[in-house]
Protein chains: 2
Amino acid sequence: MSEDLSTEAGDDEVTLGRIETEVAMLMRLGEATRRRTGAEHRVLDRAAYVILRHLADAGPQNVSALATRLNLDGSTVTRQVSAMQRDGLIVREPDPHDGRGMVVSPTPAGLQRMAAVQAARTRLYGDILAGWAPEDRATLADMLHRLNDALEHRPR
Amino acid sequence: MSEDLSTEAGDDEVTLGRIETEVAMLMRLGEATRRRTGAEHRVLDRAAYVILRHLADAGPQNVSALATRLNLDGSTVTRQVSAMQRDGLIVREPDPHDGRGMVVSPTPAGLQRMAAVQAARTRLYGDILAGWAPEDRATLADMLHRLNDALEHRPR
DNA sequence: CAGATTAGCTGTATCTTACAGGTAGTTCTC
DNA sequence: GAGAACTACCTGTAAGATACAGCTAATCTG
């Protein structure tokens, strides 16, 4: 609408449409894949896996920090963390620096299960991308990373 | 495990891990983005949008075909389609070739709303990818497409 | 110190989905 | 062409993930 540099603008519009389509499709396929994968992927539900990944990466932290980082409501994380504590995946301890807060840390069992799921998922992607050239895989990884970065810093 | 060309194999392992991480993150960010987007994205819920997209693309078809295509249980699609019918987005007519089946077709109103959501989403991606070079956008679109293709034809 | 803010939890509601079971129509087999 | 096997769809029910509102306790600010 605003610009009309003959081919250029139109092409880019088409590309955006393609990206929109493919992301929507990926969401759907990703969900379906998750639902259909074997038991080794489900020793941890999705939330627990992501939380453990984050704790392993960024260190012990409180529920609010997790919620912010994961784009989830605090109450959601509270419940997920409670379930994980029940299952022995994390421990919750009072924050020594803030009497209101609880610091969440992974347990060895949690880290071990996370590693198992991660290995299974990596294997799964190895299967899925079996025919790909290494440089294409690298390009995919780069592009996904940049897309996530853009999504995270999206203008609101 | 099987091969060990010193650097090569290890690099690829790392790349698979990155892809795994980025896809997981994209799922989470995509959900969060969807939840936080404005009303113009939500005149259609996610299911209705994808169903309309598919009907517009592939033509009227029955519930089972939709379910297979969308990787969803038939009962799920039945309910989604019922809701869409109630909202005037699609019509359901007995399949002339199969007395058991119902053919689902988009209504003009459904197509119109789909187009509106599509436009809003395309605009959103335009914002998100505002700083990107056109060729990077094209690469992203290609890679996503290839990934989806690989996921769809994944060995089971 | 009083009021405002923050961290976390609980109650409740919604949305999306799956699985199990039922009915009606279709195809296959002999 | 009659019965068995299958398929398409629907309904009942249940589970999981999440948000929002409201609560308590602790902390920060002026």
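Naming convention: chains lettered A, B, ... in sequence-line order (proteins, then strands); numbering from 1 in each chain.
Proximity note for A:Met102 (side chain, C-beta onward) versus D:dT11, C:dC19, C:dG8: the nearest is C:dG8. Ranking C:dT17, D:dA26, D:dT11 by closeness to the A:Asp98 side chain, first place goes to D:dA26. Each of D:dT13, D:dC20, D:dT27 was ranked by its minimum atom distance to the side chain of B:Arg79; first place goes to D:dT13. The side chain of A:Thr78 lies closest to C:dC9, out of D:dA19, C:dC9, D:dC9.
Following rounding to the nearest Å, B:Asp95 (CG) and D:dC10 (P) show an atom-to-atom distance of 12 Å. At whole-Å resolution of the value, CD in B:Glu31 and C1' in D:dG16 are 12 Å apart. Rounding to whole angstrom units, CZ of residue A:Arg92 and P of C:dC9 are separated by 5 Å. In this structure, A:Leu29 places its CG atom 13 Å from P of C:dT17, rounding to the nearest Å. Rounded to a whole Å, the NE2 atom of B:His97 is 12 Å from the P atom of C:dT27. Taking atom OH of B:Tyr49 as the reference point, atom P of C:dT16 lies 16 Å away to the nearest angstrom. Between A:Asp73 atom CG and C:dT10 atom C1' there is a gap of 12 Å when expressed in whole angstrom units. Rounded to an integer number of Å, the gap from B:Asn62 CG to C:dG25 C1' is 13 Å.
Within 4.0 Å (heavy atoms only), A:Gly101 reaches sugar-phosphate atoms of the nucleic acid but no base atom. Here B:Ser75 lies in heavy-atom contact (under 4.0 Å) with a base. Counting non-hydrogen atoms under 4.0 angstrom, B:Gly99 reaches the backbone sugars and phosphates but no base.
Each of A:Val81 and B:Gly74 was assigned the nucleotide of DNA chain C with the nearest heavy atom; the assignment lying further toward the 5' end belongs to A:Val81. Judged by closest nucleotide on DNA chain D, A:Ala47 is the one of A:Ala47 and A:Arg100 placed further toward the 5' end.
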Dump the intermediate steps for side-chain hydrogen bond (donor to acceptor under 3.5 Å, both in side chains) on A:Arg92 and A:Ser105, then the final yes or no.
-> CA-CA 7 Å; A:Arg92 249 187 306 197; A:Ser105 313; over 6 Å; no
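A:Arg69 has a carboxylate O that lies under 4.0 Å from a charged side-chain N of A:Glu152, or vice versa, which qualifies the two as a salt bridge. By the 4.0 Å N-to-carboxylate-O rule, A:Asp136 lies close enough to B:Arg146 to be salt-bridged with it. Salt-bridge check for A:Arg53 with B:Glu20: passed, with a basic side-chain N closer than 4.0 Å to an acidic carboxylate O.
Here B:Thr76 reaches the OP1 or OP2 of C:dA18: one of its side-chain N or O atoms lies under 4.0 Å away. Dashed line: the shortest gap from a side-chain N or O of B:Gln80 to OP1 or OP2 of C:dC15 is not under 4.0 Å.
Between A:Ser75 and A:Asp73, the side chains place a donor N or O and an acceptor N or O closer than 3.5 Å (distance only, hydrogens not considered).
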